[in-house]
Each structure stands twice: as structure tokens, then as C-alpha cells.
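Letters A, B, ... mirror the listed sequences (proteins, then strands); counts begin at 1.
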There are 2 protein chains.
Amino acid sequence: MPELSVRGSRSRKPIMVLFDLLGRRWAMGVLWTLCTSGPCTFRDLQDQCGSVSPSVLNARLKELRNAKLIGHSGQGYHAEPLGFELHERLVPLGAWSRSWAALLASDAPEARHETAFTQPDRSSGS
Amino acid sequence: MPELSVRGSRSRKPIMVLFDLLGRRWAMGVLWTLCTSGPCTFRDLQDQCGSVSPSVLNARLKELRNAKLIGHSGQGYHAEPLGFELHERLVPLGAWSRSWAALLASDAPEARHETAFTQPDRSSGS
DNA sequence: CTCGATTGCTACTGAATCAGTAGCACAGCG
DNA sequence: CGCTGTGCTACTGATTCAGTAGCAATCGAG
């Protein structure tokens, strides 16, 4: 029963519980898409998020639904009030991320092929 | 070379790049700890985050450093200006998470053993 | 310098999660 | 009935994570 042992939100602090929920592949992306692109169907979400695996998408959808962040109606999936609230707190991140990305790009122009974080090497100690 | 192929931040949008960076185990937790508990050593971080694997912690540390969010001095690891900026945007999440957790707890008091998201089961026992 | 303690980090194994593909059940339409 | 669209599950292989052990370097004490 890995449900009650592994991802036990290592802490009781709500912020850590939230980080545990959002710190999963596509969790924030799905919420963001649902809040910015309006209601989407399962397959719309797959397409807009870059062909996520249906298994993973379904898992995130269930978790997000259990967290009361999103819901599912006849028109597809949609963000619920709580989800929009969280999204509101995430919006500043979107603005900040742009200046941050610009700074990173200007600081290491030749190193930002893809992710820019997972460098192949950082040798040259000291 | 998984560095340039897998986690390609499925999108070019900075927000998705950021979500890709933060959407990993302990990424946000490490930054949060560094910003709230001040400079920490490698092992302090391990302890305060709940015994993270050194391999994973080291990976997050490298990514966060490449992202210019944190740095490493003689006194241990510490958040850099950029990291504090991001933390500032994360603080509202902390406040919101508390009311959210309270709502979730009052809505399903007997279901919030641990994570409250990963339901133990949903497919009738067969 | 040697001892012991601390720090930063790597290596290894097994488990959990993720990606990618195929396919099924159900509903609406002609 | 056949066709299309939607929601979702199952399966396999790859990636990531957890947990443990251990090593090189550093620092204070003797």
C-alpha cells in the first residue's frame, strides 16, 4: 500500500503538502492550462500539455479532483473556485519566470539549449 | 545524454520551464527551507527536509544552482537574490495552503490520513 | 602529523513514477 | 450497425527516487 507510506508529505505543514501535490509531473501544468484555456476534455489536455501519458494525466486529474482544485462536468474538465484561487497565486510566478528566463538566457546564452538546468557537466572546480 | 532530450520543458514558455524545474521532488521544499531557515549545510538540508536521499538532494542543489536560485559559500548553502524573489512569490501559496488544508480537512475529515490525494483504492476489490 | 568529527558528495540496489502505445466501454450520429 | 469522439485502463520499458554505504577534504584538538 504505497498510498499511505511513501508520499506521506514528509511534513504536516500544509505548504509541504501542497508542494507534494504540485511537485509532480504535469500537476501545475494541468492546473495552469485549465485556468488559462478554459474547460478542456481529456484529450484536449493531452494535446495542450504536450502529449502527456493518459495514465499520468488521469492520475494528476484524480489528485487534483481530490484536492478540490478541479472538477469534471459534461463539458469536460474545468478549474473549480479553489483551483482558480491557487492559480491566482501562481500568476505572479508566470510574470517573474519571464524576467528570470531572460536573465538566465543573457547570463549563459550558449548553455540554454533545452532546460538549462540539467547541465551535462560543471567541471572546472573552484 | 538524458540532459537534452527527456525533460525538454515540453514548452518554450518560461512558466512551463519553471514548472519543470520546481515540479521535481524536493525542489520547492529545498528552496523554501533555505529561505525560511537561513543558510544550511548539506546535512542540515537532509535533516530538515525529512531525510532526502543525498543523490536527489545533490541533484536538486545542482539544478537550483544552475538556475541561479541558490548558492554555496563557506557557510553552506543559501538562497540568492533570485531565489528570494521566487520565494516571495511562493509565500502567498503558504498562506493559501493553510485555508485550503483546513477546508479539505473539514470536507473529508476521515480521509485525510496522509496525503489526502492518493486515494487508497477506487476499483472495487476483485 | 595523527586522531576524530563534520561536511560535501558519489556509487549502488531496489522501488516508485513516468512515457508511450494499444485498446476497451460508452455515448451521439447517420 | 458502423463511425467518431471521450474517458479511461493495461502493459512495457525508461527515468527518477529512496535508502544505505562509503570516500575525499576540511577543521579543531593533541
Participant: Over how many whole Å does the gap from B:R24 atom CZ to D:dA18 atom P extend?
Facilitator: 13 Å
Participant: Between D:dG19, D:dC8, C:dT7, which nucleotide has the shortest distance from any of its atoms to the side chain of A:P54?
Facilitator: D:dC8
Participant: Find the distance B:L45:CG to D:dA18:P and express it as a whole number of Å.
Facilitator: 14 Å
Participant: Can you check whether B:C40 reaches B:L34 side chain to side chain, under 4.5 Å on heavy atoms?
Facilitator: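 Yes, close enough: below the 4.5 Å cut-off.
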Participant: Nearest 0.5 Å please: distance from the CG atom of A:L69 over to the CG atom of A:L82.
Facilitator: 5.5 Å
Participant: Tell me: CG of B:N58 to P of C:dT10, nearest whole Å?
Facilitator: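 So the two atoms are 5 Å apart, to the nearest Å.
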Participant: Which is true for A:S53 with a 4.0 Å heavy-atom rule: it touches a base, it touches only sugar-phosphate, or it touches nothing?
Facilitator: base
Participant: Ignoring the backbone of B:Y77, work out which of C:dG8, C:dA11, D:dG7 is nearest its side chain.
Facilitator: C:dG8
Participant: Does D:dC17 have OP1 or OP2 sitting under 4.0 Å from an N or O in the side chain of B:R60?
Facilitator: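 Yes, because at least one side-chain N or O of B:R60 sits under 4.0 Å from OP1 or OP2 of D:dC17.
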Participant: Answer yes or no: is there an ion pair linking A:K68 with A:E80, defined by an N-O contact shorter than 4.0 Å?
Facilitator: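 A:E80 and A:K68: not salt-bridged.
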Participant: Please report, rounded to the nearest Å, how far the P atom of D:dC23 is from the CZ atom of B:F42.
Facilitator: 17 Å
Participant: In whole Å, what is the span from the CG atom of A:D47 to the C1' atom of D:dG5?
Facilitator: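 Rounded to the whole Å, the gap is 14 Å.
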Participant: Rounded to the nearest Å, what distance is computed from the CD atom of residue A:Q46 to the P atom of nucleotide D:dT9?
Facilitator: 13 Å
Participant: Respond yes when some side-chain nitrogen or oxygen of A:K62 is under 4.0 Å from OP1 or OP2 of D:dT9, and no when none is.
Facilitator: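 For D:dT9, OP1 or OP2 has a side-chain N or O of A:K62 closer than 4.0 Å.
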Participant: Ignoring the backbone of A:T41, work out which of D:dC17, D:dC11, D:dT6 is nearest its side chain.
Facilitator: D:dT6
Participant: Measuring only between side-chain heavy atoms, which start at C-beta, is B:F19 closer than 4.5 Å to A:L22?
Facilitator: no
Participant: May I ask you to check whether B:T41 and B:D44 show a side-chain donor-acceptor distance below 3.5 Å?
Facilitator: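 Present: a donor and an acceptor within the cut-off.
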Participant: Distance check needed: C:dG20 P versus A:W26 CH2, whole Å only.
Facilitator: 10 Å
Participant: Below 3.5 Å, does any donor atom in the side chain of B:R43 face an acceptor in the base of C:dG8, or the other way round?
Facilitator: yes
Participant: From CG of A:L61 over to C1' of D:dC8, roughly how many Å is that when rounded to an integer?
Facilitator: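 The distance from CG of A:L61 to C1' of D:dC8 comes to 10 Å, rounded to the nearest Å.
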